[in-house]
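In what follows, residues are counted from 1 in the order of the sequence shown. What you are looking at is a predicted structure, and each value in this text was computed from that prediction instead of being measured.
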Amino acid sequence: MQQEFILSAGTGHFFFGFHDLVAWNAAGDKLLALQTPDITVPPDPRIPCGIGYFDAAQQFRRMGDTYAYNYPQGARQQWIGDTDTFIVNDRVDDVWGSRIYDTNAGKCVSVLHQPAHVITDEGVAFGIDYARLFRVGGYGYTGLTDKYAHVHVPDTSGIVKHNVYTGEQTMLLSIAAAANYKMNPALGQHHYITHLLLNPSQQRLAFLHRYKLKDGGETTRLMTIGVDGSDLKCLATGFLSHFDWKDDSHIAIWGRTGSNIEKLRGSLLYKMMPSGLISGGKKVLKKLLYTKEKGAKAVAPFNWLLLEDVDNGAPAMLAKDIITEDGHPMFCPADRDWMICDTYPNQQGIRTLFLFQYSTQQKVTLGTYRMIDDKPDLQLAHPLLAGVEEGVLKAFSLEQMAFTRSGLHCDLHPRWKRDGNVVAFDSIHEGRRMIYGYDVSSIIHAHKNVLV
């Protein structure tokens, strides 16, 4: 059986980030990476993270630094189309912006005052409000104040579309516009937008619209919009987590919609109840709503759903009874019949990396990787979480926030090489954070002639 191999040779800690970007350039000879000397605390706004790439000889070429990063999603570093230039988020003056580096010239060639969460091959970028994300407990950046913290549903914050070559920019969709689409925005507080992802043809943009509830919980809406700002849709509402486009018109997402607790939250009774009463009775309500008959077979309320890109369509199931837990999916750019995914740590702290073939509904386990037992120093971490909404810290605890925002919390976040022969993933199982690779070409080839 094949084993993983190290892609990030060198001293210190290397990581890439999320599962929704391709880390290799078009030629496949450069791999983007971030370098940091310390992973034991959340990012410090005074200490930058190195940005660069590993070349064909597996040497790290550091191009510069960035202050706009977090450990789960990196700095959203990504190649621009088929070029050898990449964009990376950074602090620019007093805003979260981005920089473009030309790896052939070996230097930064452009500084932009807007960030990029995703970018088209033609250089049209879509950015979000990372200061707001940090405040509400999302994957934001440390060091800048949320200018609209006092507004629950701002119309001046949202998805900004900008052309990195011409400088043309516009508000594609405000948080207020998202929140006013087929719902009453007054139902929630601290609305925000996160997790932007282009479909394969780069014509539509998926994102999560989230807001806090008065019982301390949070609701998520999976939404899509055309890259020209047209045809806004809400595909589903509920507890919704990680996702990827299966094709141009379907999204695979882990979650649950239409549960009893979600129906209760949408009821008139819930809307009329005082916040204190709801918060105090939340655990009791959940226990009552999810109590099963004694001896009955447990039925997981969560599944991998396959949603059509239409308003509130009926979800189909993806890999039902085959993939039974949340993870970080990415469909192969070269063959979207294949998906790479991982799991969260089990009780022994072990994460599993696996492939899934949609046409055959077959799952292939690649390897297992154990998290390390180190924990962050809370005295050092606490000041670095200043500015996070008080209610968020109450809901998740300082210990949990400090750990999940540090580099010690290392999901595998697997991602494909463009040709579909290799996957890369971050891991910490050998004691330091590194980027690993796994050659899956033999597995893909062995299944090519399987009749379905």
> Can you check whether S427's main-chain N or O pairs, donor with acceptor, with Y436's side chain at less than 3.5 Å?
Replying inline: no
>> Could you walk me through whether H117 and Y130 satisfy the side-chain hydrogen bond (donor to acceptor under 3.5 Å, both in side chains) test, starting with their C-alpha distance in whole Å, then the side-chain angles of each, then the deciding distance to 0.1 Å, before giving a yes or no?
In response: CA-CA 10 Å; H117 200 84; Y130 293 102; 2.7 Å; yes
>> Under the criterion side-chain hydrogen bond (donor to acceptor under 3.5 Å, both in side chains), I'd like the reasoning laid out for R221 against H209: C-alpha separation, chi angles, the key distance, then a yes or no.
In response: CA-CA 5 Å; R221 301 206 300 163; H209 163 223; 3.2 Å; yes
>> Rounded to the nearest 0.5 Å, what separates atom NZ in K246 from atom CG in L318?
In response: 8.5 Å
> Should Q202 and V227 be marked as a side chain to side chain contact (heavy atoms under 4.5 Å, CB included) after you check the CA-CA gap, both sets of side-chain angles, and the distance that decides it?
Replying inline: CA-CA 8 Å; Q202 301 185 347; V227 295; 5.8 Å; no
> Just wondering, are more than 12 heavy atoms of other shown residues or ligands nearer than 6.0 Å to CG in D82?
Replying inline: no
> What's the shortest heavy-atom distance between W416 and P333, and which atoms?
Replying inline: CB-CD, 3.5 Å
> ring-ring contact (aromatic ring centres under 6.0 Å, His included) with W96: which of F134, Y141, Y69?
Replying inline: Y141
> Checking R336 against F331: charged group under 6.0 Å from the ring centre and within 45 degrees of the axis?
Replying inline: no
> Under 3.5 Å, is there a donor-acceptor pair between the side chain of D231 and the main chain of G226?
Replying inline: no
>> Between D426 and R415, is there a side-chain heavy-atom distance shorter than 4.5 Å?
In response: yes
> Ignoring hydrogens and geometry, is there a side-chain-to-backbone donor-acceptor pair from D411 to Y344 under 3.5 Å?
Replying inline: no
> Are any side-chain N or O atoms of Q77 and backbone N or O atoms of F16, one a donor and one an acceptor, separated by less than 3.5 Å?
Replying inline: yes
> Going from CZ on R204 to CG on L232, what distance comes out if it is rounded to the nearest 0.5 angstrom?
Replying inline: 8.0 Å
> Considering residues, nucleotides and ligands other than F396, do more than 12 of their heavy atoms fall under 6.0 Å from its CZ?
Replying inline: no
> Between D90 and V111, is a side chain to side chain contact (heavy atoms under 4.5 Å, CB included) present by the stated rule, with each step listed?
Replying inline: CA-CA 9 Å; D90 194 8; V111 180; over 6 Å; no
>> Could you check whether any side-chain heavy atom of I372 comes within less than 4.5 Å of a side-chain heavy atom of L408, counting everything from C-beta outward?
In response: yes
> Would a distance-only check, ignoring hydrogens and angles, find a side-chain to backbone donor-acceptor pair under 3.5 Å from R433 to G407?
Replying inline: yes
> Between K161 and L173, does a side chain to side chain contact (heavy atoms under 4.5 Å, CB included) hold up when you go through it step by step?
Replying inline: CA-CA 9 Å; K161 174 183 177 181; L173 182 74; over 6 Å; no
>> So, taking the atom named CZ in F14 and the one named CE in M434, what distance separates them when rounded to the nearest 0.5 Å?
In response: 10.0 Å
>> Given N199, which partner from the list D244, D247, T224, D248 fulfils the side chain to side chain donor-acceptor pair (under 3.5 Å) test?
In response: D248
> At their closest point, which heavy atom of C234 faces which heavy atom of D311, and how far apart are they?
Replying inline: N-OD1, 2.8 Å
> Is the H413-F18 ring centre distance short of 6.0 angstrom?
Replying inline: yes
> Going through the checks in order, is the side chain to side chain contact (heavy atoms under 4.5 Å, CB included) test met by W24 and L31?
Replying inline: CA-CA 5 Å; W24 281 275; L31 177 76; 3.6 Å; yes
> Looking at residues at least two apart in the chain, or sitting in another chain, which of them share a side-chain contact (heavy atoms from CB on, under 4.5 Å) with E390?
Replying inline: K394
>> Does this structure show an ion pair linking R91 with D65, if we count only N-O contacts that are shorter than 4.0 Å?
In response: no
> Looking only at heavy atoms, what is the nearest atom pair of R135 and V392, with distance?
Replying inline: O-CG2, 4.5 Å
> Would you find a donor on one side and an acceptor on the other, under 3.5 Å apart, between the side chain of E399 and the backbone of S397?
Replying inline: no
>> Between K212 and E389, is there a side-chain heavy-atom distance shorter than 4.5 Å?
In response: no
>> So, taking the atom named CG in L393 and the one named CG in L398, what distance separates them when rounded to the nearest 0.5 Å?
In response: 7.0 Å
> Is the Y358-H250 ring centre distance short of 6.0 angstrom?
Replying inline: no
> Got a sec: does the NE2 of H382 have more than 12 other heavy atoms crowding it under 6.0 Å?
Replying inline: no
> Is there side-chain contact between L222 and L208, with heavy atoms separated by less than 4.5 Å?
Replying inline: yes
> Do you know which two heavy atoms are closest between D373 and R370, and how far apart they sit?
Replying inline: OD1-NH2, 3.2 Å
> Nearest 0.5 Å, what's the OG1-CG distance between T170 and L172?
Replying inline: 7.5 Å
> Got L412 and H328 here, is their nearest side-chain heavy-atom distance under 4.5 Å?
Replying inline: no
>> Please determine whether the number of non-hydrogen atoms from other residues, nucleotides or ligands lying under 6.0 Å from atom CD of E168 exceeds 12.
In response: no
>> Between R210 and E218 (side chain of the first, backbone of the second, donor and acceptor by atom type, cut-off under 3.5 Å), is there such a pair?
In response: no
> Are Y211 and M183 side-chain neighbours, meaning at least one heavy-atom pair lies under 4.5 Å?
Replying inline: yes
> With side chains defined as the heavy atoms from C-beta onward, is the minimum distance between M371 and H409 less than 4.5 Å?
Replying inline: no
> Do the side chain of K233 and the main chain of D309 share a donor and acceptor less than 3.5 angstrom apart?
Replying inline: yes
> Between H13 and T36, is there a donor-acceptor pair closer than 3.5 Å when you use the side chain of the first and the backbone of the second?
Replying inline: no
> What do you reckon, are the aromatic ring centroids of Y369 and F425 less than 6.0 Å apart?
Replying inline: yes
> Looking only at heavy atoms, which two atoms of L205 and L198 are closest? And how far apart?
Replying inline: CD1-CD2, 3.8 Å
>> Are the side chains of I51 and F86 in contact, using a 4.5 Å heavy-atom criterion?
In response: yes
> Is W245 reaching over with its side chain to a backbone N or O of L197, donor-acceptor style, under 3.5 angstrom?
Replying inline: yes
> Distance from Q357 atom CD to W338 atom CH2, nearest 0.5 Å?
Replying inline: 4.0 Å
For residues 150-159, which side-chain N or O atoms pair as donor and acceptor with protein atoms under 3.5 Å away, sequence neighbours left out?
unit_1	atom_1	unit_2	atom_2	d
H152	ND1	H190	N	3.0
S157	OG	D129	OD2	2.8

>> Show the nearest heavy-atom pair for residues R405 and Y71, with the distance to one decimal.
In response: O-CD1, 3.3 Å
